[in-house]
Amino acid sequence: MRIGIGYDVHRLVKDRKLIIGGVNIPFERGLLGHSDADVLVHAIMDSILGALGLGDIGKHFPDTDNQYKDISSLILLEKVYKIMIEHEYKIGNIDTIIVAQNPKLAPYIESMKKNVAKVIKSSVSNINIKATTTEKLGFEGKGEGIAAHSVCLLVPIS
């Protein structure tokens, strides 16, 4: 078994879609980034890559490479999934938390779980996604950005 952690943060800005867990969430601002800036999926990818000992998403999908400009993070997650399979591991479970003052994310969590589970070919029961606020403290609480944390357990395929 191998354990990895991931963390990501993006600034909220006008004129961008808010995509978290592959779900387009209606909101007046979205996350700024080279890709679709899906903070949750980025944290999940980093936790998988960390468990494999293979660096982070910046190493595999640099923001200086135009092929990743505005790409769906679910496509990048599929690439990370293939790397995981090549190393003969599968997901044991993933536990995540999204930190955002607004918008309220509870109505979208099941869809996020389904999106992630589908890409990594795992049961939805192996994916846990939580959301919390910071009681208006810090950059998340001030509505300046959204962060996500992820922990994953990988188990050998054999």
Side-chain angles (χ1 to χ4, degrees), residues 2-100 103 105 108-124 126-129 131 139-140 143-157:
R2 297 181 68 110
I3 297 171
I5 62 170
Y7 172 78
D8 197 45
V9 61
H10 286 278
R11 178 181 301 276
L12 281 164
V13 297
K14 295 216 178 272
D15 300 320
R16 287 277 296 193
K17 291 180 180 178
L18 179 59
I19 299 171
I20 303 177
V23 177
N24 189 354
I25 299 168
F27 195 57
E28 68 267 9
R29 292 175 295 150
L31 294 170
L32 181 63
H34 187 68
S35 66
D36 63 3
D38 187 329
V39 69
L40 175 65
V41 174
H42 290 186
I44 290 170
M45 289 189 292
D46 269 349
S47 67
I48 295 169
L49 290 168
L52 293 169
L54 296 176
D56 60 21
I57 61 173
K59 175 181 175 182
H60 293 268
F61 315 110
D63 63 7
T64 54
D65 191 332
N66 280 335
Q67 72 176 312
Y68 305 122
K69 179 75 175 138
D70 298 322
I71 193 169
S72 166
S73 294
L74 292 176
I75 292 171
L76 300 178
L77 179 59
E78 186 172 11
K79 293 176 184 292
V80 169
Y81 168 78
K82 288 177 181 175
I83 292 168
M84 180 185 72
I85 294 301
E86 287 171 4
H87 284 81
E88 299 182 353
Y89 282 92
K90 65 181 180 178
I91 297 295
N93 73 298
I94 294 174
D95 187 27
T96 67
I97 188 160
I98 307 162
V99 185
L105 299 174
Y108 308 102
I109 292 206
E110 285 306 312
S111 294
M112 293 176 194
K113 289 170 65 172
K114 289 176 185 174
N115 288 343
V116 170
K118 181 178 179 183
V119 172
I120 62 172
K121 297 175 180 37
S122 184
S123 168
V124 173
N126 293 333
I127 313 300
N128 191 45
I129 299 173
F139 70 89
E140 302 102 327
E144 296 172 357
I146 295 176
H149 302 261
S150 176
V151 178
C152 82
L153 173 69
L154 299 184
V155 295
I157 290 175

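These figures come from a predicted structure and were not determined experimentally.
Within the 4.5 Å cutoff, the side chain of L76 has no heavy atoms near those of the I57 side chain. Within the 4.5 Å cutoff, no side-chain heavy atoms of K121 are placed close to those of I85. When side chains are defined from C-beta on, S150 counts as touching I94, because their heavy atoms get closer than 4.5 Å. Looking at I48 and L77, their side chains come closer than 4.5 Å, going by heavy atoms from C-beta outward. You'll find the side chain of V23 stays beyond 4.5 Å of the side chain of L105, heavy atoms only. Residues L154 and I91 form a side-chain contact, since some pair of their non-hydrogen atoms from C-beta on lies under 4.5 Å apart. Side chains of H60 and V80 form no contact here, defined as non-hydrogen atoms less than 4.5 Å apart. A heavy-atom distance below 4.5 Å is found between the side chains of D56 and K59.
The distance from the CD1 atom of I120 to the NZ atom of K82 is 14.5 Å, given to the nearest 0.5 Å. In this structure, CG on L40 lies 11.0 Å from CD1 on I97, to the nearest 0.5 angstrom. Interatomic distance, CD of E86 versus CG of L54, reported as 10.0 Å (0.5 Å rounding). Atoms OG and CG, on S72 and D36 in that order, are 5.0 Å from each other to the nearest 0.5 Å. To the nearest 0.5 Å, the span separating CD1 on I98 from CG on D8 amounts to 12.0 Å. Between the CD1 atom in I44 and the CD1 atom in I129 there is a gap of 5.5 Å [rounded to 0.5 Å].
A salt bridge is defined here as a Lys NZ or Arg NE, NH1 or NH2 lying under 4.0 Å from an Asp or Glu carboxylate O, and D38 with K17 fails to meet this definition.
Among pairs with a residue in residues 28-58, those fulfilling ring-ring contact (aromatic ring centres under 6.0 Å, His included) read H10-H42, at least two apart in sequence or across chains. Residue pairs meeting the ring-ring contact (aromatic ring centres under 6.0 Å, His included) criterion with at least one member in residues 62-91, sequence neighbours excluded: F61-Y68.
Across every non-hydrogen atom of A37 and R16, the tightest pair is CB-NH2, 3.9 Å. The heavy-atom pair separating I127 from K113 by the smallest distance is O-CE, 3.0 Å. The two residues V39 and A148 make their nearest non-hydrogen contact at O-CB, 3.6 Å. Here the shortest heavy-atom pairing between S47 and G6 reads CB-N, 3.6 Å. Counting all heavy atoms, side chain and backbone alike, A147 lies closest to E140 at CB-OE2, 3.5 Å. Across all non-hydrogen atoms, the minimal contact from A100 to I146 is CB-CG1, 3.8 Å.
D63 places no side-chain N or O within donor-acceptor distance of the main-chain N or O of G33, the cut-off being under 3.5 Å. A donor-acceptor pair under 3.5 Å is formed between the side chain of T96 and the backbone N or O of N128.
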With a 3.5 Å cut-off and sequence neighbours excluded, list the donor-acceptor pairs that the side chains of residues 24-31 form with protein atoms.
unit_1	atom_1	unit_2	atom_2	d
R29	NH1	G143	O	2.7
R29	NH2	G143	O	3.2

task = Applying side-chain contact (heavy atoms from CB on, under 4.5 Å), run through M84 and L52 and close with a yes or a no.
result = CA-CA 7 Å; M84 180 185 72; L52 293 169; 4.1 Å; yes
